[in-house]
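What follows is a set of notes on a single structure, which appears directly below.
These values consider heavy atoms only, across backbone and side chains, with no hydrogens, waters or symmetry-generated copies. Worth saying up front: this structure is predicted, and the values here are computed from it rather than measured.
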Amino acid sequence: MPHASAEAGISDWTRSLSALREADRDRYLSLLLMPESARADIAALYLFNAEVAAVRDRVRESLPGEIRLQWWRDVISGERAIEAVNHPVAASLLRSIATRQLPTAPLMALCDAHVFDLYDDPMPDRGSYEGYAGETAAAMIQLTSVVLDPAASSESAIAAGHAGVAHAVAGHLMLLPQHRARGQVFVPGDILAATGLDRDAFLAGDDRAAVAAALSAFVALGREHLGKARAAMAPLPPSLRAAFIPAAIAAPVLDRAGRLGADCLTRPPQPPQWLRQWRLWRVSRGGAL
């Protein structure tokens, strides 16, 4: 008969998987394709990422969102130890930080980056967007690399940076109708300006030709980084490749967005689930991003 603590561990793991499946289906499916010994700690990272990314969805005003992000910073720095014990995601994250000796600076930076989500200011320019993606999607890849192979993890930094931008572009394209509905614009401002648009004109969507041109340039940004990620991944040891599985959805999303053009404003360029799962599996077996 299983020991009570073992049963509790199994129950906690089941709840974690269920929560991740609801919050981030692609990363949940990616997790199932990763080495079993690393899954619990990677799940903790993915759940933390989902919690922080969803702060805008759970608050009506920016100030409560800022407070929530500060709470996560306090947790990571060890200032909320008692509260963290009673928060499943926070408790799991702190265990993984301790067990895997994860650096906390990238986790703090991820919280800082998501402050942008709380406001309706447009993304200023391409450099700002690449920085945002580096502190969010790319950070998840790099931290996953640390869990998978701490000794070799530094080798994945360049590939993670590029893959993170491609993954972020794909994610923002899929969420474009939702972001538009609440006045958010992640397409860089210099791309909008080059096509004769500003934030308000892009959100209005009246000039479909200009919107299509802006989105085409945004897709091109994602493809540029995807190509660089593929090249940078080539020499990586097999132990690190699993960290990149979630970014496998970028290519089909970018392709679909390229075909939809301005229709992305109302129709998310989300490929069918079977195609996304196949892409995840393919990368897990050594295929290109």
Side-chain angles (χ1 to χ4, degrees), residues 9-54 72 75-76 84 87-111 113-114 133-157 159-161 163-164 166-168 170-171 229 233 236-250 276-277 279-286 289:
I10 293 171
S11 178
D12 289 345
W13 173 239
T14 300
R15 283 195 293 270
S16 293
L17 283 180
S18 179
L20 183 60
R21 184 174 60 246
E22 292 300 317
D24 191 333
R25 179 62 63 90
D26 290 325
R27 282 194 172 92
Y28 161 76
L29 293 170
S30 299
L31 182 71
L32 301 181
L33 296 168
M34 294 180 181
E36 187 173 357
S37 60
R39 288 179 193 168
D41 295 305
I42 295 172
L45 288 171
Y46 286 174
L47 283 166
F48 161 72
N49 179 70
E51 285 273 335
V52 174
W72 277 107
V75 166
I76 295 164
H87 190 292
V89 176
S92 296
L93 178 65
L94 291 179
R95 282 196 299 270
S96 296
I97 290 172
T99 302
R100 300 287 183 168
Q101 297 184 323
L102 297 176
T104 57
L107 299 170
M108 291 284 200
L110 187 144
C111 293
H114 280 292
E135 293 179 339
T136 54
M140 278 294 105
I141 297 173
Q142 189 60 29
L143 287 165
T144 302
S145 296
V146 174
V147 174
L148 291 168
D149 188 343
S153 61
S154 61
E155 298 177 33
S156 70
H167 193 192
M233 284 179 65
L236 292 182
S239 58
L240 294 176
R241 292 189 64 86
F244 294 83
I245 295 175
I249 67 161
R276 290 156 70 188
Q277 289 185 225
R279 289 284 309 181
L280 297 172
W281 176 85
R282 182 173 176 271
V283 170
S284 78
R285 307 298 290 182
L289 277 182

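For the pair Leu107 and Leu143, the minimum side-chain heavy-atom distance is below 4.5 Å. Contact of the Leu17 side chain with the Leu31 side chain is registered, since non-hydrogen atoms from C-beta on lie closer than 4.5 Å.
Not counting sequence neighbours, the partners of Glu51 by the side-chain hydrogen bond (donor to acceptor under 3.5 Å, both in side chains) test are Arg58. Every residue two or more places apart in sequence or in another chain that forms a side chain to side chain contact (heavy atoms under 4.5 Å, CB included) with Ala84 is listed here: Val75, Ala90, Leu94. Remark: Thr136 pairs with no residue by the side-chain hydrogen bond (donor to acceptor under 3.5 Å, both in side chains) rule, at least two apart or across chains. Applying the side chain to side chain contact (heavy atoms under 4.5 Å, CB included) criterion to Ala170, with sequence neighbours excluded, gives Ala250, Val253. Applying the side chain to side chain contact (heavy atoms under 4.5 Å, CB included) criterion to Leu102, with sequence neighbours excluded, gives Leu45, Ser96, Ile97, Arg100, Val146, Val147. Partners of Ser239 under the side-chain hydrogen bond (donor to acceptor under 3.5 Å, both in side chains) rule, at least two apart in sequence or in another chain, are Asp149. Residues meeting the side-chain hydrogen bond (donor to acceptor under 3.5 Å, both in side chains) test with Ser153, sequence neighbours left out: none.
Of all non-hydrogen atoms in Leu236 and Phe244, the two that sit nearest each other are CD1-CE1, 3.7 Å. In terms of heavy atoms, Ala152 sits closest to Leu240 at O-CD1, 3.3 Å. Residues Ala248 and Arg279 come closest through the heavy atom pair O-NE, 3.3 Å. Heavy atoms only, all atoms of each residue included: Ala138 and Gly161 are closest at CB-CA, 3.9 Å. Taking each heavy atom of Glu155 and Pro237 in turn, the nearest pair found is OE1-CD, 3.5 Å. Across Trp72 and Leu93, no two heavy atoms sit closer than the pair CZ3-CD2, 4.3 Å.
One finds the CE atom of Met233 at 9.5 Å from the OG atom of Ser156 (value rounded to the nearest 0.5 Å). Atoms CG and CD1, on Leu148 and Ile141 in that order, are 11.5 Å from each other to the nearest 0.5 Å. Atom-to-atom distance recorded for Met140:CE and Ser145:OG is 11.0 Å, nearest 0.5 angstrom. Note that the SG atom of Cys111 and the CD atom of Glu135 stand 11.0 Å from one another [nearest 0.5 Å]. Phe48 CZ to Ile76 CD1: the interatomic distance, rounded to the nearest 0.5 Å, is 4.0 Å. In this structure, Leu29 CG and Leu280 CG are separated by 6.0 Å, a value rounded to the nearest 0.5 Å.
Pairs engaging residues 28-47 under the ring-ring contact (aromatic ring centres under 6.0 Å, His included) rule: none recorded [sequence neighbours left out]. Judged as a salt bridge (charged side-chain N to carboxylate O under 4.0 Å, His left out), the pairs with a partner in residues 22-33 (not counting sequence neighbours) are, in order, Asp24-Arg27, Asp26-Arg276.
Counting only distance, with no hydrogens or angles, the side chain of Ser18 and the backbone of Arg15 share no donor-acceptor pair below 3.5 Å. The backbone N or O of Ser284 lies less than 3.5 Å from no partner atom in the side chain of Arg241, so there is not a single donor-acceptor pair.
For Ser92 and Arg95, the side-chain atoms include at least one donor-acceptor pair closer than 3.5 Å.
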